[in-house]
Asker: 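Here you go, one structure.
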Amino acid sequence: MTLRTVIRGVGSYLPERTISNAELASQIDTSDAWIVERTGIHERHVAADGEKTSDLAIAAAKRALTHAGIDGAAIDLVVVATATPDQTFPATAAKVQAQLCRPGIPSFDVQAVCSGFIYGLAVVDNFVRAGQCKTALLIGAETFSRILDWQDRTTCVLFGDGAGAVVVSAEQGTGAGTDRGVLSTHLHSDGRHHDMLYVDGGPSSTQTTGHVRMKGREVFRHAVVNLADTVHECLAANHLTAADLDWLVPHQANRRILDSTAQKLGLDPAKVVITVDQHANTSAASIPLALDLAVRDGRIKPGQLVLMEAMGGGFTWGSALVRM
Ligand code: ACO
């Protein structure tokens, strides 16, 4: 027998305000055609004035709790993956805990930028399998609009705000791949590439929040290689091939990365969940946003095998295999 971390509920939230490519093109030197061709993005959502990452996280978490049919009082761990917390501290997770859960339970943030949800899932899975938590809330939530340089066309067209959440709980499994729940997680980082995708500010360096800076071409090149590698390692660890997967739910960075990765894996493009067109790159929120959409529209069904993968600043990257 082995403990498994089973996804009980999913939820997401996108801020009401959207910015189309055409609206961006009216402000900076870009075009809808360039953005769609290079990224597949059509629009992004942007938090309202005063709307914070914790507000997005709480809205997504409420939907995940409702979907799971679980009361916030039953949660015994809250993890928020974010690179855009409300404040440097306290953790955004503590705000979620105060709003939705019992006082006294552990809550903390995980910072792995776009890989944050995969890192968070690995952390929560290890808590569950170690017997230290029975029911957890894992949220990816970001307000990247706050750290974009809206005059820099090489970055500002790529990102958006949003949040996605899962409620997981411990269940006894057999240890076999037929179990429901997280079957394996795989995490990596290579900080030698920290200057390819970073924010040019921070509490201990500039005492400012800073803006996103990126060497897009290099990021693209590393992303396609690292993502394919981690998918292969995840499949190998579970004695599977790409053909055994029901769904790939990738980090929604841009359409060309998703297509190149699927092609490199020889994966049927119809098995790849793609939502980047609707909300751009929402960093740690993008996997649970895509997962939520595909569960709610009936594509992803209980018992199906879902592989998730992500890469982000650091670089960090990783994958997770889950039977829903
Ligand atoms: N609108 C119009 N032209 C633009 C824009 C824009 N928004 N941005 C850049 N350009 C111009 C450049 O200035 C350049 O012009 P030049 O040839 O006159 O110098 C030209 O377009 C080509 O620029 P490149 O950077 O070479 O364009 P590329 O084809 O590499 O596409 C892109 C850029 C979309 C950023 C691509 O490199 C990419 O997708 N990189 C991955 C970045 C990413 O997804 N990061 C997210 C975080 S990491 C992750 O989540 C995996």
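Note that ligands are numbered from 1 as they come in the structure, with each ligand's atoms numbered from 1 the same way.
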Asker: Any non-hydrogen atom of Ile35 lying under 4.0 Å from ligand 1?
Answerer: no

Asker: Among all the protein's heavy atoms, is there at least one whose distance to atom 11 (C) of ligand 1 comes out below 4.0 Å?
Answerer: yes

Asker: So if I count the atoms of ligand 1 from 1 in the order they appear, which ones are less than 4.0 Å from some heavy atom of Asn254?
Answerer: 38 (C), 39 (O), 41 (C), 44 (O)

Asker: Describe, in one word, how the ring planes of Phe159 and Phe144 are oriented to each other, choosing from parallel (under 30°), tilted (30 to 60°) and perpendicular (over 60°).
Answerer: parallel

Asker: I need the atoms of ligand 1 closer than 4.0 Å to a non-hydrogen atom of Val157, numbered in the order shown.
Answerer: 7 (N)

Asker: Parallel, tilted or perpendicular: which describes the rings of His222 and His193, with under 30° parallel and over 60° perpendicular?
Answerer: tilted

Asker: Can you see whether Glu233 engages His188 through a side-chain donor-acceptor pair at a distance of less than 3.5 angstrom?
Answerer: yes

Asker: Run the salt bridge (Lys or Arg N to Asp or Glu O under 4.0 Å) test on Glu171 and Arg8 for me, step by step, so that the C-alpha distance in whole Å, both residues' side-chain angles and the decisive distance to 0.1 Å come before the verdict.
Answerer: CA-CA 11 Å; Glu171 193 172 284; Arg8 297 272 169 215; 2.4 Å; yes

Asker: For ligand 1, which atoms, with element, lie under 4.0 Å from some heavy atom of Met311?
Answerer: 49 (C), 50 (O), 51 (C)

Asker: Is a salt bridge present between Asp125 and Arg4, judged by a nitrogen-to-oxygen distance below 4.0 Å?
Answerer: no

Asker: Which of the atoms in ligand 1, numbered in the order shown and given with their element, are less than 4.0 Å from a heavy-atom of Leu197?
Answerer: 47 (C), 48 (S)

Asker: Passes side chain to side chain donor-acceptor pair (under 3.5 Å), Thr53 versus Thr143? Steps please.
Answerer: CA-CA 6 Å; Thr53 295; Thr143 49; 2.8 Å; yes

Asker: For Glu142, which of Asn281, Thr282, Thr82 qualifies under side-chain hydrogen bond (donor to acceptor under 3.5 Å, both in side chains)?
Answerer: Thr82

Asker: Before you tell me yes or no, could you show the steps for Lys271 and Asp268 under salt bridge (Lys or Arg N to Asp or Glu O under 4.0 Å), namely the whole-Å CA-CA distance, both residues' side-chain angles and the distance that decides it to 0.1 Å?
Answerer: CA-CA 6 Å; Lys271 289 184 171 182; Asp268 177 358; 5.9 Å; no

Asker: Specify whether the nearest protein heavy atom to atom 22 (C) of ligand 1 is under 4.0 angstrom away.
Answerer: yes

Asker: Considering the heavy atoms of Asn281, write down every atom of ligand 1 situated less than 4.0 Å from one of them.
Answerer: 46 (C), 47 (C), 50 (O)

Asker: Looking only at non-hydrogen atoms, which of His222, Met196, Arg256 approaches atom 36 (C) of ligand 1 most closely?
Answerer: Arg256

Asker: Check whether Ser115 reaches the backbone of Thr316 with its side chain - one donor and one acceptor, N or O, closer than 3.5 Å.
Answerer: yes

Asker: For the CG atom of Leu293 and the CZ atom of Arg299, what is their distance to the nearest 0.5 Å?
Answerer: 5.5 Å

Asker: Tell me which one of Glu218, Arg217, Met214, Glu309 gets a heavy atom nearest to atom 45 (N) of ligand 1.
Answerer: Met214

Asker: On a heavy-atom basis, I'd like to know which of Gly216, Gly313, Gly312 is closest to atom 41 (C) of ligand 1.
Answerer: Gly216

Asker: Would you say ligand 1 has an N or O under 3.5 Å from any N or O of Arg153?
Answerer: yes

Asker: In sequence, state the C-alpha distance, the side-chain angles, and the governing distance for Ser184 and Asn238, and then conclude on side chain to side chain donor-acceptor pair (under 3.5 Å).
Answerer: CA-CA 8 Å; Ser184 71; Asn238 292 281; 2.9 Å; yes

Asker: For ligand 1, which atoms have a heavy atom of Thr154 less than 4.0 angstrom away?
Answerer: 8 (N), 9 (C)

Asker: For atom 33 (C) of ligand 1, find the nearest protein heavy atom and state the residue, atom name and distance (0.1 Å precision).
Answerer: Trp34 CH2, 3.8 Å

Asker: Indicate, as side chain, backbone, both or neither, the part of Ile257 found under 4.0 angstrom from ligand 1 when only non-hydrogen atoms are considered.
Answerer: side chain

Asker: Within a distance of under 4.0 Å, is there any protein heavy atom near atom 17 (O) of ligand 1?
Answerer: no

Asker: Apply the hydrophobic cluster definition, ILVMFWY joined by side-chain contacts under 4.5 Å directly or through others, and give me every member besides Leu137.
Answerer: Ile58, Leu65, Ile70, Ile75, Val78, Val80, Val96, Leu100, Ile105, Ile139, Val167

Asker: Any atoms of ligand 1 less than 4.0 Å from a non-hydrogen atom of Ala253? List them with their elements.
Answerer: 44 (O), 49 (C), 50 (O), 51 (C)

Asker: Which residue holds the protein heavy atom closest to atom 50 (O) of ligand 1, what is that atom called, and what is the gap in Å?
Answerer: His251 NE2, 2.8 Å

Asker: How far is atom 28 (P) of ligand 1 from the closest protein heavy atom, and which atom is that?
Answerer: Arg38 NH1, 3.4 Å

Asker: What protein heavy atom is closest to atom 1 (N) of ligand 1, reported as residue, atom name and distance in Å?
Answerer: Thr30 OG1, 2.6 Å

